[in-house]
Structure formats: C-alpha cells, structure tokens
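In what follows, a single structure is set out as structure tokens and then discussed.
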Amino acid sequence: MNQHSTIHAPLTDVRIFAMETDVTDLRPLIERLLPDQGCIEVQRDVPHKEHAWHHHDTDETLVILDGAVRFYWDGGERICTPGSVISLPAGVRHGSVALEDGATYFIAFHNANLTHHV
C-alpha cells in the first residue's frame, strides 16, 4: 500500500510519497521516469552534501534509490529514504542535505506521476 503526504506550499504543492518501490529491479522504474524524448539523471551525493536553497524552471520528480536526504522547502522538511518519490513543481524554492551514508537518486525533469508505481 502506498502512503503519501501532500504538503501545500504557496501557490504550489510539493508531494512526497513513501512508496514500496523495489529499487533492486530498476528497469520498470526507469521506463516510468523517462520522458517520451530525453533522459533522466542519476545523482550521487556524499555524506552531508548540501544543495542549498534554489529553484528550477521545470517540474522535477526525484526517486531515492539508496541512503537518505533531508529535503526542505518553504513549507517544511522531510527525511526521504529508498523508495521515496518527491514531486516538485517548477518554481518551488527548496534544498536538500544527504545524511550520514550519502544518497543516490534519480531525477526526471518532468512530473512523472509515479503515485501508482509499486
């Protein structure tokens, strides 16, 4: 069963889904994240690496594969672990810090709508 929480930011929604995603078989997840044309990014952050306050001009979908990050935005913060999906609308000011073991995650540069991906 998927659990999710919706956090309302001014004029936009940041959604973080705690999902039961099998990150050992990545092919189905990659296929869901890929746009019709283009790519996704694999990001690795060393322990305590911070991406300070910033925003993007496009929607993003992030999926935590390994480790953990503290994701923060104007409306709050949340610890995200493997299987967590972050749906981040364009223009939302946010940042993140990798925790003790660092983190590895996918970034898709669109709203991948993974709310039903298990």
Side-chain angles (χ1 to χ4, degrees):
M1 177 168 76
N2 294 342
Q3 298 175 328
H4 70 275
S5 60
T6 301
I7 298 87
H8 297 282
L11 303 177
T12 58
D13 289 334
V14 173
R15 293 180 185 91
I16 300 175
F17 302 90
M19 303 184 70
E20 297 175 13
T21 300
D22 179 6
V23 294
T24 61
D25 180 12
L26 296 178
R27 185 180 178 99
L29 179 59
I30 290 170
E31 289 176 359
R32 292 285 307 270
L33 286 171
L34 280 170
D36 291 338
Q37 170 61 46
C39 64
I40 60 174
E41 178 179 309
V42 179
Q43 175 76 31
R44 177 178 292 155
D45 291 343
V46 298
H48 312 291
K49 166 66 180 167
E50 182 168 13
H51 298 275
W53 289 106
H54 63 283
H55 71 278
H56 304 279
D57 293 334
T58 60
D59 294 340
E60 287 191 355
T61 302
L62 293 82
V63 180
I64 309 302
L65 301 174
D66 187 52
V69 298
R70 181 176 61 86
F71 183 82
Y72 56 90
W73 63 100
D74 285 330
E77 68 179 53
R78 174 112 178 242
I79 302 299
C80 298
T81 57
S84 293
V85 175
I86 301 167
S87 178
L88 184 63
V92 173
R93 198 169 87 104
H94 65 282
S96 66
V97 178
L99 300 183
E100 296 79 29
D101 295 327
T104 304
Y105 48 96
F106 286 143
I107 304 172
F109 303 100
H110 62 101
N111 181 355
N113 194 17
L114 294 178
T115 58
H116 296 97
H117 179 77
V118 178

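Position 1 is the first residue of the sequence, and the numbers go up from there. The figures here come from the full heavy-atom set of this structure, side chains too, leaving out hydrogens, waters and symmetry mates. Every value quoted in this text rests on a predicted model; they were computed, and no experiment measured them.
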Looking at [X] and [Y], would you say the former's side chain and the latter's main chain have a donor-acceptor pair under 3.5 Å?
X	Y	value
Thr61	His110	yes
His48	Val46	no
Asp59	Ala90	yes

Do Leu88 and Phe71 come within less than 4.5 Å of each other through their side chains, counting heavy atoms only? yes

Any side-chain heavy-atom pair of Leu62 and Phe106 under 4.5 Å: no

Does Leu99 belong to the same Ile/Leu/Val/Met/Phe/Trp/Tyr cluster as Ile64, with side-chain heavy atoms less than 4.5 Å apart forming each link? no

Would you kindly confirm whether Val97 and Ile79 end up in one hydrophobic cluster when ILVMFWY residues are joined by side chain heavy atoms under 4.5 Å apart? no

With rounding to the nearest 0.5 Å, note down the distance linking OG1 in Thr81 to CG in Asp66. 10.5 Å

Can you tell me how far OG of Ser96 sits from CD of Glu50, rounded to the nearest 0.5 angstrom? 7.5 Å

How would you list, by chain and number, every residue that makes a side-chain contact (heavy atoms from CB on, under 4.5 Å) with Leu34, sequence neighbours excluded? Ile30, Ile40

I'd like to check the side-chain contact (heavy atoms from CB on, under 4.5 Å) partners of His55; sequence neighbours left out, ordered by chain and number. Asp57

Where does the angle between the aromatic ring planes of Trp53 and Tyr72 fall among parallel (under 30°), tilted (30 to 60°) and perpendicular (over 60°)? perpendicular

Minimum-distance pair of heavy atoms, taken over all atoms of [X] and [Y]:
X	Y	answer
Arg32	Ala112	O-CB, 4.1 Å
Ala98	Ala103	CB-N, 4.2 Å
Trp73	Arg78	CZ3-N, 3.8 Å
Ile86	Cys80	CD1-SG, 3.8 Å

Indicate, with yes or no, if the rings of His51 and His94 have centres closer together than 6.0 Å. no

